[in-house]
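Proteins get letters first, then strands, A, B, ... in listed order; numbering begins at 1 in each.
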Amino acid sequence: MKVVTRFAPSPTGYLHIGGARTALFNWLFARHHGGTFLLRIEDTDRERSTQDAVDKIFEGLKWLGIDWDGEPVFQFARMKRHAEVAHKMLAEGKAYYCYCTPEELEEMRAKAKAEGKPMRYDGRWRDRDPKDAPAGVKPVVRFKAPREGVTVIKDHVQGDVTFQNEQLDDLIILRSDGTPTYNLSVVVDDHDMGVTHVIRGDDHLTNAARQTQLYLAAGFEVPEFAHIPLIHGPDGAKLSKRHGALGTEAYADMGYLPAAMRNYLLRLGWSHGDDEIISTEQAIEWFGLDHVGRSPARFDFAKLNSLNGHYIRNTPDDELLQAALPFITKHAGRAPSEAEQAKLKAILPAVKERAKDLNELAEAVLFLFAARPIQPDAAAQKHLDDAAKARLRKVSEALQPLNEWTAASTEAVVRNLAETEQVKLGQLAQPLRAALTGRTVSPPIFDVLAVLGRDETLARLADAAGA
RNA sequence: GACCCCAUCGUCUAGAGGCCUAGGACGUCACCCUUUCACGGUGAAGACACGGGUUCGACUCCCGUUGGGGUCGCCA
């Protein structure tokens with residue numbers, strides 16, 4: 001059997017991190033089995049669905065490197081087909097018109113609440129003659145759900161989950177305006193699209209029971225289910241915005257690499273022994289539903305950062321520079337020139353060891369763009385007292401006659417000076433760092449000298465020490 | 001509240017009855033490397049929620065308790 005999976009977000013906001021993981025799992029599962037991964041936009045809620053959200057979903061998936069097969073299906077466009085299935089069920093006596101008013105339903109809801117029971121439609125129109133219909137009331141169509149027995153979901157993650165049918169009421173499949181509701185649409189679409197494996201958040205577990213009944217009633221084959229646990233915030237509660245329930249574009253803006261994000265999301269709720277760093281190719285080869293965890297995982301920025309640092313360090317310089325350029329432009333306030341890009345590339349190997357995200361990387365490289373005279377920050381200023389300035393003048397003098405200007409040659413000069421002056425290397429290096437970068441933290445100082453070049457180095461030294 | 005799901009270090013997890021003196025990773029701490037910060041290396045602290053069973057033997061199986069989560073819309 002060819003595997004067909006799908007990701008079916010509703011376009012009511014950005015593609016958040018939980019959705020991204022659901023998409024990733026579906027994608028991985030399909031790719032692993034050489035199957036098909038489809039995208040369906042569930043835009044039947046006309047009030048809340050927006051084109052902007054649709055675009056954000058596309059962009060988010062693309063950013064993550066998740067590609068889908070064929071054209072996306074827009075659920076709203078398939079409304080007629082959904083209604084057709086509902087009418088067929090009506091004709092077959094598997095569904096019926098219900099003339100309950102919203103007030104009556106509200107009453108039922110209140111009563112249920114008072115009794116501490118879940119809201120359950122009492123089925124008052126289930127077997128009633130439509131001739132009793134009150135005039136002027138537009139009916140909804142309800143599914144005639146089985147009242148006895150059980151519905152069992154054979155879930156690949158949760159195992160067999162049994163629901164008593166009496167717990168499930170007659171759900172509305174067609175609204176009073178004739179439009180289909182979610183559960184019906186999902187069932188018809190998944191069937192029509194040939195979806196074999198429904199992998200989604202476990203907030204849909206109860207829906208799976210209702211949907212199973214619908215599949216059976218419609219004469220459709222029930223797909224395989226896999227309900228994966230939701231991602232929680234660091235406090236164990238539902239993921240909130242300040243806890244990471246952000247859109248993928250927010251993570252892009254924070255300077256996370258898609259590869260790191262993929263790896264992080266993959267390991268959140270799935271494992272392959274002790275493996276932590278898993279390439280996408282490897283993930284496709286290894287991924288399966290059998291190792292998806294059953295308990296909700298908490299989102300942890302610390303681990304994401306660590307992973308991101310790893311991927312930054314291991315990204316080839318050219319590629320990393322391209323990814324970092326927008327961030328550098330943002331932080332520097334202007335786009336780097338050709339010449340500056342060459343310098344950027346030269347310092348990148350040293351800088352990428354020390355950045356956990358692209359913003360940090362851009363920050364670390366900012367000294368290249370700083371206009372003279374450099375404005376040292378408070379910490380750096382402490383390394384530029386009179387004694388330090390005097391030492392810097394000596395460094396400057398020693399550096400002047402140097403022919404070949406490289407990290408190695410400048411280092412040799414400064415080390416030599418430290419020896420003759422009887423000072424620790426750090427006593428020269430820290431003031432140098434402060435004078436050249438305006439910071440106390442920077443890439444290795446002789447790498448800084450090398451990229452800055454002789455003229456700029458000497459000029460900055462003169463600014464700081466009056467040399 | 002009802003129904004359903006879940007439960008191993010702070011966090012992500014390995015663990016399919018003896019391999020467990022419970023392993024790895026992130027984080028934390030210490031030391032080493034070192035011109036700063038990182039990286040890297042070495043090491044330390046740190047968990048089977050609790051109570052009953054089943055078994056010669058339970059982290060692993062069963063039941064209960066507790067705790068957490070999800071769902072209860074003419075939303076998706």
Side-chain angles (χ1 to χ4, degrees), chain A residues 8-12 42-45 47-49 75 98 100 102 105 109 112-120 138-142 153 155 157-159 161-164 166-169 171-177 179-183 185-186 201-207 209 227 229-230 232 234 236-238 264 267-277 291 293-307 309-310 313 350-356 360 364 379 383 411 414-415 418 424-430 432-434 437 439-446:
Chain A
S10 53
T12 54
E42 310 216 316
D43 54 351
T44 52
D45 185 340
E47 297 284 300
R48 298 195 302 148
S49 300
Q75 193 162 55
C98 168
C100 268
L105 288 174
R109 201 166 285 131
K113 194 169 184 184
E115 289 171 8
K117 287 179 179 169
M119 161 61 182
R120 206 125 296 160
K138 284 199 165 188
V140 297
V141 174
R142 281 185 186 273
I153 298 155
D155 195 277
V157 172
Q158 309 289 347
V161 182
T162 303
F163 290 89
Q164 300 295 320
E166 56 189 289
Q167 298 291 336
L168 278 4
D169 63 355
L171 80 172
I172 293 171
I173 54 177
L174 245 38
R175 300 185 185 95
S176 51
D177 65 1
T179 59
T181 57
Y182 170 73
N183 280 299
S185 300
V186 166
D202 76 2
D203 50 336
H204 286 290
L205 197 54
T206 25
N207 281 331
H227 289 90
L230 266 17
H232 287 175
K238 205 171 183 177
Y264 179 69
R267 279 289 288 106
L268 208 56
W270 179 82
S271 60
H272 185 268
D274 284 341
D275 294 303
E276 295 288 346
I277 304 294
H291 281 280
R294 285 182 299 172
S295 50
R298 300 182 188 203
F299 192 87
D300 180 21
F301 271 106
K303 189 145 190 173
L304 209 211
N305 288 339
S306 152
L307 233 22
H310 176 272
R313 289 194 290 282
V351 167
K352 70 180 184 180
E353 291 289 324
R354 352 182 103 65
K356 285 194 298 299
E360 279 188 18
H383 289 281
E411 175 166 4
V414 176
R415 275 188 189 277
K424 285 185 176 173
L425 185 56
Q427 289 181 277
L428 299 180
Q430 278 305 85
L432 256 178
R433 195 184 314 282
T437 68
R439 308 279 177 85
T440 52
V441 173
S442 83
I445 194 61
F446 300 109

| task | Would you classify A:Thr440 as touching base, sugar-phosphate or nothing, given that sugar-phosphate means primed atoms plus P, OP1 and OP2, and contacts are heavy atoms under 4.0 Å? | result | base
Taken to the nearest whole Å, CG/A:Leu230 to C1'/B:A76 is 14 Å
List every contact pair, protein side and nucleotides 11-18 of chain B side both N or O, where the distance is under 3.5 Å.
{"unit_1": "B:C12", "atom_1": "OP1", "unit_2": "A:Arg298", "atom_2": "N", "d": "3.0"}
{"unit_1": "B:C12", "atom_1": "O2'", "unit_2": "A:Arg267", "atom_2": "O", "d": "2.9"}
{"unit_1": "B:C12", "atom_1": "O2", "unit_2": "A:Lys303", "atom_2": "NZ", "d": "3.3"}
{"unit_1": "B:U13", "atom_1": "OP1", "unit_2": "A:Gly269", "atom_2": "N", "d": "2.7"}
{"unit_1": "B:U13", "atom_1": "O3'", "unit_2": "A:Ser271", "atom_2": "OG", "d": "3.2"}
{"unit_1": "B:A14", "atom_1": "OP1", "unit_2": "A:Ser271", "atom_2": "OG", "d": "2.7"}

The residue, A:Gln75 or A:Gln430, whose nearest nucleotide of RNA chain B is more 5′ is A:Gln430
Report task. Assign A:Thr162 to base, sugar-phosphate, or nothing according to its heavy-atom contacts below 4.0 angstrom with the strands shown. Result -> sugar-phosphate
A:Asp203 atom CG is separated from B:G73 atom P, nearest whole Å, by 15 Å
Just checking A:Tyr264 against A:Phe301, ring centres under 6.0 Å apart? no
Re B:C50: Watson-Crick or G-U wobble partner, both distances kept under 3.5 Å, found to be B:G64
Discussion item. For a quick check of understanding: with a heavy-atom distance under 4.0 Å over all strands, which category does A:Cys100 fall into, base, sugar-phosphate or nothing?
Written reply: base
For A:Thr12, which contact category applies under a 4.0 Å heavy-atom criterion: base, sugar-phosphate, or nothing?
-> nothing
Ranking B:C74, B:C4, B:U36 by distance to the side chain of A:Val441, first place goes to B:U36
Answer for the Watson-Crick or wobble partner of B:A30, both distances under 3.5 Å, is B:U42
**OP:** Tell whether A:Thr206 reaches the base of B:C4 with its side chain through a donor-acceptor pair below 3.5 angstrom.
**Re:** no
Heavy-atom nearest nucleotide on RNA chain B taken for A:Asp43 and for A:Leu304; more 5' hit belongs to A:Leu304
Answer for the Watson-Crick or wobble partner of B:C20, both distances under 3.5 Å, is none
query = Base, sugar-phosphate, or nothing for A:Val161, non-hydrogen atoms under 4.0 angstrom?
reply = sugar-phosphate
note: A:Gln427, atom CD; B:U34, atom C1'; distance rounded to Å ~ 16 Å
Checklist entry - When we call it a touch if two heavy atoms are under 4.0 Å apart, what does A:Asn305 touch: a base, just sugar-phosphate, or nothing? => result nothing
A:Asp155 meets the salt bridge (charged side-chain N to carboxylate O under 4.0 Å, His left out) criterion, sequence neighbours left out, with none
Just the table, please: protein N/O against nucleotides 38-42 of chain B N/O, every pair under 3.5 Å.
{"unit_1": "B:A38", "atom_1": "O2'", "unit_2": "A:Glu353", "atom_2": "O", "d": "2.6"}
{"unit_1": "B:C39", "atom_1": "O2'", "unit_2": "A:Glu353", "atom_2": "OE1", "d": "3.1"}

Rounded to whole Å, the CG-P distance (A:Leu307 to B:G24) equals 19 Å
Sugar-phosphate only, base, or nothing, as touched by A:His227 at under 4.0 Å among non-hydrogen atoms
nothing
>> Under 4.0 Å, counting only non-hydrogen atoms across every strand here, what does A:Pro229 touch: a base, just sugar-phosphate, or nothing?
In response: nothing
Ranking B:A76, B:U36, B:C4 by distance to the side chain of A:His204, first place goes to B:A76
Answer for the Watson-Crick or wobble partner of B:A14, both distances under 3.5 Å, is none
When rounded to whole Å, the CG to P distance for the pair A:Leu171 and B:G73 reads 11 Å
Mate of B:A2 across any strand shown (Watson-Crick or G-U wobble, both atom pairs under 3.5 Å) is B:U71
A:His232 NE2 to B:A7 P, in whole Å, measures 13 Å
- Query: Is the closest basic N to carboxylate O distance between A:Lys303 and A:Asp300 below 4.0 Å?
  - Reply: no
| query | Looking across every strand, which nucleic acid part, if any, lies under 4.0 Å from A:Pro443 by heavy atom: base, sugar-phosphate, or nothing? | reply | base
| field | B:U13 versus B:G18 - spacing of their C1' atoms, nearest Å | value | 23 Å
Closest of B:A2, B:C5, B:A76 to the A:Gln158 side chain is B:C5
Which part of the nucleic acid does A:Ile445 contact within heavy-atom distance under 4.0 Å: base, sugar-phosphate only, or nothing? base
